[in-house]
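Note on naming: letters A, B, ... go to the chains in the order of the sequence lines (proteins, then strands), and numbering restarts at 1 for each one.
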Amino acid sequence: MDDQTRMLGLGGGLGALSQADVGDPDSARKQQALGQPQQDIGDILQQIMAITDESLDEAQARKHALNCHRMKPALFSVLCEIKEKTVLSIRGVQEEDPPDPQIMRLDNMLLAEGVSGPEKGGGSAAAAAAAAAAGGSPNDGSIEHSDYRAKLAQIRQIYHSELEKYEQACSEFTTHVMNLLREQSRTRPISPKEIERMVAIIHRKFSSIQMQLKQSTCEAVMILRSRFLDARRKRRNFNKQATEVLNEYFYSHLSNPYPSEEAKEELAKKCGITVSQVSNWFGNKRIRYKKNIGKFQEEANLYAVKTAVDAANVSAQASQANSPATPNSGGYPAPCYTPDGRL
DNA sequence: ACCAATGATTAGTG
DNA sequence: CACTAATCATTGGT
């Protein structure tokens, strides 16, 4: 035992004990003066082991006596140390948890969506930015975003209140456990370090619950996104003039209705829409025209006449110049645009 | 309320 | 990456 105590580096307490063991008369006298029986570690352990065999009152009294024993702190630290070296070391190895990549992802997304970020101003700006970046949808999107933002704010509010609830519950539980452990540490070898570790465990458990919250919040945001930011749901028909311009181009280039990038830009400008909208329009137009040429015959004629008239005006002005873009001037053309493609 | 028209998205292709 | 074809979701006329 002496060796062991020295190895454990224990201080005065046990040193004094060993002295008492040897029967230092001075120490014995002091103990007598304090009214405590002389005893060694073996006796103490004996008492501890026997404590369950005694009546409750006896046990309480014994416990109190043991608690007040001057050897108690030393014993306590020994037991703590032994415990530390056995049980806890097993778990202590994998203690340092690297930040969970999953929760990092969720956090990043929530931040990007403006759910978990700063409150009003920054949040909505971030949301708008995220929306613009993700959708790529070139809608000017000023009206529809108000609705979106309202819903997002709702989600944010729920998220925050839930988060607060969790945090509160967590801290409540933590303090409860800490109090319990502190209380217990009067009779059981529970070191502050162990309490700390227990707190960490609790926090991890709660953070996994939080992750569920974050996950479901993310899902809610995604659904909201797809509901509100999908441009299909906020479609506006182009105005008459715009469709007229587009149709004019389409039917006057029926043989090759593929506007160049420049032409698209020009059309976009004329129609007050974006280039990709022009591309969409031509894509739709081509496929729908091809699918049912008959249905579009009337329209084709209309625009053919229109361009013919324009061409006529132009050529009238320009005397005899051959306008290059009047493939169908005159009659009603069997459309040059065939399903197989460009002529 | 129904349905054709229509702008936008998506998967697939060269 | 531009394009086609299919499809979605809304608009607007009836």
Side-chain angles (χ1 to χ4, degrees), chain A residues 109 112-114 124 126-152 154-155 218-307 324-325 327-328 332-343:
Chain A
M109 173 172 169
E113 296 296 337
S124 50
S137 50
N139 287 354
D140 62 345
S142 44
I143 313 121
E144 53 259 36
H145 272 173
S146 68
D147 214 2
Y148 172 78
R149 266 194 297 226
K151 296 275 185 189
L152 190 70
Q154 207 175 325
I155 290 176
C218 274
E219 270 170 39
V221 171
M222 294 306 274
I223 291 167
L224 183 73
R225 263 269 209 81
S226 66
R227 270 204 78 70
F228 278 81
L229 267 37
D230 184 345
R232 279 184 291 210
R233 297 178 187 274
K234 287 290 169 190
R235 185 173 66 76
R236 287 283 110 97
N237 289 355
F238 300 152
N239 60 41
K240 256 217 159 91
Q241 186 229 322
T243 45
E244 205 148 303
V245 170
L246 293 167
N247 272 317
E248 242 168 71
Y249 187 98
F250 180 78
Y251 286 110
S252 64
H253 297 74
L254 246 194
S255 58
N256 185 32
Y258 296 84
S260 67
E261 198 57 35
E262 284 171 357
K264 281 182 193 171
E265 272 167 36
E266 175 123 9
L267 287 166
K269 206 189 248 179
K270 262 199 232 175
C271 299
I273 60 180
T274 67
V275 174
S276 58
Q277 281 178 304
V278 173
S279 299
N280 284 341
W281 190 92
F282 272 88
N284 283 322
K285 191 72 184 181
R286 281 190 298 262
I287 196 69
R288 283 162 184 165
Y289 180 85
K290 186 181 100 174
K291 260 190 169 173
N292 192 351
I293 294 177
K295 197 171 70 182
F296 288 90
Q297 199 58 252
E298 202 180 331
E299 192 177 68
N301 296 341
L302 194 96
Y303 283 101
V305 169
K306 201 177 285 215
T307 52
N328 304 324
Y332 287 167
C336 308
Y337 177 56
T338 64
D340 311 310
R342 320 92 228 238
L343 251 228

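In this structure, CD1 in A:Ile273 is found 5.0 Å from CG in A:Leu246, a value given to the nearest 0.5 Å.
In summary, of the residues considered (A:Glu266, A:Glu265, A:Lys264), a side chain to side chain contact (heavy atoms under 4.5 Å, CB included) with A:Pro259 occurs for A:Lys264 alone.
Rounded to an integer number of Å, the gap from A:Asn292 CG to B:dT6 P is 12 Å. Between A:Glu299 atom CD and B:dA4 atom P there is a gap of 17 Å when expressed in whole angstrom units. Summarising the geometry, the separation between CD1 on A:Ile287 and P on B:dG7 is reported as 16 Å, rounded to the nearest angstrom. With rounding to whole Å, A:Glu298 atom CD is found 18 Å from B:dA4 atom P. In this entry the distance linking CZ of A:Phe282 with P of C:dT4 reads 12 Å, nearest Å. In this structure, the CD atom of A:Gln277 is 9 Å from the C1' atom of B:dA8, given to the nearest Å. Atom pair A:Phe238:CZ and B:dG7:P shows a separation of 5 Å (rounding to whole Å applied). Atoms CZ (A:Arg286) and P (B:dA8) sit 15 Å apart, rounded to a whole Å.
Dashed line: the shortest gap from a side-chain N or O of A:Lys264 to OP1 or OP2 of C:dA2 is not under 4.0 Å. The phosphate of B:dA5 (OP1 or OP2) has no side-chain N or O of A:Tyr289 nearer than 4.0 angstrom.
Counting any heavy atom pair closer than 4.0 Å across all strands shown, A:Asn280 reaches a base atom. Within the 4.0 angstrom heavy-atom criterion, no nucleotide atom of any strand lies near A:Lys285. Here A:Arg288 lies in heavy-atom contact (under 4.0 Å) with a base.
Two residues, A:Lys291 and A:Arg236, neighbour DNA chain C, and the one matched to the more 5' nucleotide by heavy-atom proximity is A:Lys291. When each of A:Glu261 and A:Asn284 is assigned the nucleotide of DNA chain C bearing its nearest heavy atom, the one mapping closer to the 5' terminus is A:Glu261.
Between the side chain of A:Glu248 and the main chain of A:Val245, no donor-acceptor pair closer than 3.5 Å is present.
Proximity of A:Trp281 to A:Asn284: side-chain heavy atoms (C-beta onward) are nowhere separated by under 4.5 Å. For the pair A:Phe238 and A:Cys271, the minimum side-chain heavy-atom distance is 4.5 Å or more.
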